[in-house]
Amino acid sequence: PAQILSYLGGVVKVEETDLKPRMGFLYSIETYNISVFINATREQDSGQYMCTVNVVDDRLDKNVGIINLTVLVPPAAPSCQLHGNAVVGANVTLSCSSKKGKPSPMYQWQRESPTLQVFFPPAQDRARGTLKLTNLSLEMSGVYVCRAENQAGSKNCSIVLEV
């Protein structure tokens, strides 16, 4: 563990880390509230943070608090691809993947209007971002949209299927 912020002898000291310009005590120390803030959080700020309070003549060893911080990252704009030949009677797979996202995004395919259609397993694999279309017909032509989504947000991509 590395010390990143301290208050000793009436002086606040922020150590030279990438957190230095983005963190500090939330309140004046005299309020006895030693909450801290981190601005402009980044994925690499995730981790375990420990607060230690040393009080003169304190014989109780209950002066350490630990908190785990997980910085969520919205999905990056996904990429949509068609695998296979889109001809009548054939099978194709549509794939969707996002290079970023914490936690890993789940994917949802749907066909846009005028023939709105939502897909479910086993045709759709939400974790892998694939949609298998079998025995293609001319009526299956249209715009297919994939949404990559996690707790931090969502992004879409689309692909035109011409059978």
Side-chain angles (χ1 to χ4, degrees), residues 1-6 14-27 33-52 64-163:
Q3 184 166 313
I4 52 176
L5 181 64
S6 64
V14 185
E15 300 298 326
E16 291 293 334
T17 69
D18 69 330
L19 283 168
K20 183 172 184 172
R22 303 183 290 121
M23 83 169 309
F25 288 107
L26 196 55
Y27 304 103
N33 183 331
I34 55 171
S35 299
V36 297
F37 66 85
I38 300 175
N39 289 330
T41 54
R42 304 172 185 161
E43 184 176 5
Q44 56 266 34
D45 295 336
S46 296
Q48 191 174 72
Y49 290 80
M50 179 172 37
C51 171
T52 305
V64 176
I66 295 175
I67 189 166
N68 289 307
L69 173 67
T70 301
V71 178
L72 303 179
V73 178
S79 166
C80 287
Q81 292 183 317
L82 168 68
H83 307 277
N85 293 321
V87 295
V88 173
N91 300 336
V92 295
T93 300
L94 305 182
S95 69
C96 177
S97 64
S98 180
K99 291 186 191 283
K100 282 190 179 179
K102 186 175 180 179
S104 294
M106 296 297 280
Y107 301 94
Q108 176 68 52
W109 279 98
Q110 79 175 35
R111 184 174 167 192
E112 291 293 280
S113 298
T115 313
L116 182 63
Q117 185 178 5
V118 178
F119 300 96
F120 301 95
Q124 175 175 242
D125 184 326
R126 293 203 63 209
R128 287 194 176 99
T130 57
L131 174 64
K132 293 180 181 174
L133 300 174
T134 58
N135 194 18
L136 291 179
S137 65
L138 293 174
E139 294 76 29
M140 295 169 82
S141 296
V143 177
Y144 290 77
V145 176
C146 173
R147 185 175 76 234
E149 182 174 38
N150 66 13
Q151 293 95 315
S154 68
K155 292 277 182 167
N156 296 342
C157 65
S158 63
I159 195 163
V160 175
L161 178 67
E162 291 182 36
V163 181

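Start at 1 with the first residue, then count along the sequence.
Nearest heavy-atom pair, Tyr107 versus Ala148, reported as atom, atom and distance to 0.1 Å: CE2-CB, 3.6 Å. Of all heavy-atom pairs spanning Met140 and Leu161, the tightest one is O-CD2, 3.6 Å. Of all heavy-atom pairs spanning Phe119 and Gln124, the tightest one is O-NE2, 2.9 Å. Counting all heavy atoms, side chain and backbone alike, Gln110 lies closest to Leu116 at NE2-CD1, 3.5 Å.
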Show the numbers, then the answer: is there a side chain to side chain contact (heavy atoms under 4.5 Å, CB included) between Lys102 and Ser46?
-> CA-CA 11 Å; Lys102 186 175 180 179; Ser46 296; 3.5 Å; yes

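Note: Leu131 CG to Arg126 CZ = 12.5 Å, rounded to the nearest 0.5 Å. From Gln44, atom CD reaches atom CG of Leu19 across 9.0 Å, with rounding to the nearest 0.5 Å. Here the CG atom belonging to Leu136 is positioned 12.5 Å from the CD atom belonging to Glu162, to the nearest 0.5 angstrom. Considering CE of Met23 and CD1 of Ile38, their distance stands at 5.0 Å, rounded to 0.5 Å. Atoms NZ and CZ, from Lys155 and Arg147 in turn, are 13.5 Å apart once rounded to the nearest 0.5 Å. In this structure, the separation between SG on Cys157 and OH on Tyr144 is 14.5 Å, given to the nearest 0.5 Å.
The closest side-chain donor-acceptor pair between Glu139 and Ser137 falls under 3.5 angstrom.
Ile67 is linked by a side-chain contact (heavy atoms from CB on, under 4.5 Å) to Tyr49, counting only residues two or more places apart in sequence or in another chain.
Between the Arg111 side chain and the Ser141 main chain, a donor and an acceptor come within less than 3.5 Å of each other. Using a distance-only test at 3.5 Å, with no hydrogens or angles considered, a donor-acceptor pair links the side chain of Arg22 to the main chain of Ala40. Side-chain atoms of Asp125 never come within 3.5 Å of backbone atoms of Thr130 as a donor-acceptor pair (strictly under, hydrogens ignored).
Here the side chains of Arg42 and Val71 are not in contact, with every heavy-atom distance at 4.5 Å or above. Two residues are said to be in side-chain contact when any heavy atoms from C-beta on lie closer than 4.5 Å; Ser154 and Gln108 fail this criterion. For the pair Val36 and Ile34, the minimum side-chain heavy-atom distance is 4.5 Å or more. Between Ser104 and Asn150 the shortest side-chain heavy-atom distance does not fall below 4.5 Å.
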Side-chain donor-acceptor contacts of residues 81-98 below 3.5 Å, not counting sequence neighbours, with atom names and distances?
residue: His83; atom: NE2; partner: Ser95; partner atom: OG; Å: 2.8
residue: Asn91; atom: OD1; partner: Asn135; partner atom: N; Å: 2.9
residue: Ser98; atom: OG; partner: Ala76; partner atom: N; Å: 3.0
residue: Ser98; atom: OG; partner: Ala76; partner atom: O; Å: 2.7
residue: Ser98; atom: OG; partner: Lys100; partner atom: O; Å: 3.0

